[in-house]
Amino acid sequence: MSQQTTSTILMVRPANFGFNPETAANNFYQKNDQRSPDEINALAQEEFDGFVGLLRQRGVQVLVVEDTSEPCKTDAVFPNNWFSTHEDGKVILYPMFSPNRRLERRKDILEFLMQSGFSISEIVDLSFFEKDEQYLEGTGSMVLDRQNRIAYACKSVRTHPIPLAYFGRLLGFEVLDFDAVQTVEGIEVPIYHTNVMMHVGTDLAVVCMDSLPNFSEKLKLQEKLSKTGKKIIPITAKQKFQFAGNMLEVKNDKAQKFTVMSDTAYHALNKAQIKSIEKYTEILVPKIPTIEKLGGGSVRCMMAEIFLPLV
C-alpha cells in the first residue's frame with residue numbers, strides 16, 4: 001500500500017439542491033428565494049461543474065459522485081459533514097443534526113472509493129449518537145490539523161463534547177474546543193460549524209478571533225496555532241459572514257499548494273490578507289453564489305478530502 005502525494009477530493013454533484021428549512025433553524029447563512037426548484041438545481045449544477053473544472057485544470061484530483069434523485073437530499077453537495085477519511089484506512093461516519101441530512105450517508109460512495117483504488121480498513125459509524133441527540137458533523141464541526149493531530153472545534157447544537165472526545169480518542173487527536181458566537185438580528189448565538197470561522201493550512205490559519213468571547217480560550221487558540229507554526233491571518237465577523245473562514249488547502253499532482261475560497265470570500269478579504277495567503281499558496285476562486293445563498297455553505301463544505309492509502 002502506498003500513500004498519496006497529491007490531494008484527492010471527492011465531490012457530490014447535486015440532483016435536488018435547494019433550501020433546507022431543517023438546517024436553517026441554526027444556519028443563519030442560508031437565504032431562501034422564489035426561484036423554481038429546477039432553476040435552482042440547474043444553477044447549482046452549473047456552479048458545481050465550474051468548480052470541479054477549475055480544480056482539475058490546476059492538476060487537483062477530483063472524484064465526482066452523482067447524487068441520487070431519490071430520496072431527495074437538498075444538501076448532498078456538502079459531503080464533508082457525513083464522513084471523513086484517514087491515512088490508516090479508517091472512514092468515520094458522523095451523527096447529523098438534521099434528520100433529512102442523514103440520508104446523505106451512502107455506503108455506495110465508500111464502495112466507489114474502493115473501486116477507485118483506495119483501501120478502507122475500517123468503517124467507524126458514530127451515527128448511534130443521534131439516538132441521544134448528540135451530533136458531530138465531520139469536518140464542518142471540526143477543523144483538523146492532521147499534521148499535528150489537533151481537532152479544533154467550536155461547541156454548538158451540531159458539535160457536542162461527548163462525540164467530539166470520542167473522535168479524539170479514536171484517532172489520537174488532541175481536541176481543542178471553545179465557544180464561538182456571532183450576532184444575528186442583535187442576538188448572540190453560537191456559530192454552528194467551526195469551518196465557518198476558521199481554516200488551518202500547512203503554514204497558515206485564517207481565523208475569526210473576534211468570535212471567541214472567552215479571553216482565555218482565545219489566548220489558548222492563538223498559542224496552539226502559533227506553537228504549531230501557523231501564521232495567523234485574522235478575519236472580521238463581517239468577513240466571516242461572507243464565507244472568508246471557509247477555505248481548504250489542496251495539493252496538485254506537482255505538489256503545488258492552493259488555498260481554495262469562493263469568489264464571495266475572496267472579495268470580502270482586503271489586499272493585505274490576500275497577500276499574506278499568497279505568500280504560502282496560490283489562491284483558487286470558484287464562483288458558487290447559488291450554493292452559498294441557499295445552502296449556507298461554501299467551498300470547504302463541498303470538498304471531502306480522501307486521505308486513504310492506495311491499494
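Owing to the predicted nature of the structure, the values given are computational and were not obtained by experimental measurement.
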Worksheet, complete the sentence: The reported gap from OG in Ser262 to CD in Glu47 (rounded to nearest 0.5 angstrom) is 10.0 Å

Worksheet item: How long is the span from the CG atom in Leu294 to the CG atom in Asp75, to the nearest 0.5 Å?
Response: 10.0 Å

Discussion item. I'd like to know if the side chain of Glu292 pairs up with that of Gln242 as donor and acceptor (distance under 3.5 Å, no hydrogens or angles considered).
Written reply: no

Worksheet item: Sequence neighbours excluded, which residues qualify as side chain to side chain donor-acceptor pair (under 3.5 Å) partners of Thr259?
Response: Thr281

Fill in: NZ (Lys155) with more than 12 external heavy atoms under 6.0 Å
yes

Worksheet item: So do the side chains of Lys90 and Ile120 get within less than 4.5 Å of each other, counting heavy atoms only?
Response: no

Response to the item:
For Asn148, the side-chain contact (heavy atoms from CB on, under 4.5 Å) test, sequence neighbours excluded, returns Asp145, Ile150, Thr228, Lys230

Item to complete: Go through the steps to decide whether Asn100 and Ser98 satisfy the test side chain to side chain donor-acceptor pair (under 3.5 Å), and finish with yes or no.
Response: CA-CA 6 Å; Asn100 64 25; Ser98 168; 2.8 Å; yes

Practice prompt. Using a cut-off of 6.0 Å, state whether more than 12 heavy atoms not belonging to Gln256 lie near its atom CD.
Written response: yes

Practice prompt. Begin with the C-alpha distance, continue with both residues' side-chain angles, and end with the deciding distance and a verdict on side-chain contact (heavy atoms from CB on, under 4.5 Å) for Val65 and Met11.
Written response: CA-CA 6 Å; Val65 174; Met11 295 175 69; over 6 Å; no

List, one per line, each side-chain donor-acceptor pair under 3.5 Å for residues 299-311, sequence neighbours excluded.
from, atom 1, to, atom 2, distance (Å)
Arg300, NH1, Met303, O, 2.7
Arg300, NH2, Thr139, OG1, 3.3
Arg300, NH2, Glu305, OE1, 2.7

Worksheet item: Can you list every pair that meets salt bridge (Lys or Arg N to Asp or Glu O under 4.0 Å) and has a residue in residues 263-289, with sequence neighbours left out?
Response: Arg58-Glu282

Worksheet, complete the sentence: Under a side-chain separation threshold of 4.5 Å, the hydrophobic residues clustered together with Phe215 are Leu219

Worksheet item: Considering residues at least two apart in sequence or located in another chain, which fulfil the side chain to side chain donor-acceptor pair (under 3.5 Å) criterion with Arg149?
Response: none

Fill in: Selection residues 133-152 - residue pairs positive for ring pair (Phe, Tyr, Trp, His ring centres under 6.0 Å), sequence neighbours left out
Phe97-Tyr135, Tyr135-His160

Fill in: Lys/Arg-Asp/Glu bridge criterion (N-O < 4.0 Å) met for Glu104, Arg101
yes

Practice prompt. Rounded to the nearest 0.5 Å, what's the gap from CG on Asp108 to CD on Gln115? Could you check?
Written response: 9.0 Å

Worksheet item: When you look at Thr68 and Lys73, which way does the side chain to side chain donor-acceptor pair (under 3.5 Å) test go after all the steps?
Response: CA-CA 8 Å; Thr68 52; Lys73 302 174 289 302; 2.6 Å; yes

Please tabulate, for side-chain N and O atoms in residues 161-176, each donor-acceptor pair with protein atoms closer than 3.5 Å (sequence neighbours left out).
from, atom 1, to, atom 2, distance (Å)
Glu174, OE1, Lys224, NZ, 3.2
Glu174, OE2, Lys224, NZ, 3.0

Item to complete: Please name all residues satisfying side chain to side chain donor-acceptor pair (under 3.5 Å) with Ser226, sequence neighbours left out, ordered by chain then number.
Response: none

Item to complete: Output the rest of the hydrophobic cluster of Ile274: all Ile, Leu, Val, Met, Phe, Trp and Tyr residues reachable through side-chain heavy-atom contacts under 4.5 Å, sorted by chain and number.
Response: Leu204, Val206, Ile233, Ile235, Met247, Met261, Tyr266, Leu269, Ile277, Tyr280, Ile283, Val285

Worksheet item: Side chains of Asn195 and Asn246: do they bring a donor and an acceptor to under 3.5 Å?
Response: yes

Worksheet entry | Any donor-acceptor N or O pair under 3.5 Å, side chains Tyr94, Ser127 | no

Worksheet item: Can you pull the salt bridge (Lys or Arg N to Asp or Glu O under 4.0 Å) pairs that have at least one residue in residues 113-138, sequence neighbours excluded?
Response: Arg102-Glu130, Arg105-Glu130, Glu137-Arg158

Worksheet entry | Point-to-point distance, once rounded to the nearest 0.5 Å, from OG1 of Thr290 to CD of Gln45 | 11.5 Å

Item to complete: Examine distances only and state if a side-chain atom of Ser7 and a backbone atom of Lys251 form a donor-acceptor pair shorter than 3.5 Å.
Response: yes

Response to the item:
Applied to residues 198-210, the side-chain hydrogen bond (donor to acceptor under 3.5 Å, both in side chains) test, sequence neighbours excluded, yields Thr202-Glu249

Worksheet item: Is there a donor-acceptor contact under 3.5 Å linking the side chains of Thr183 and Glu188?
Response: no

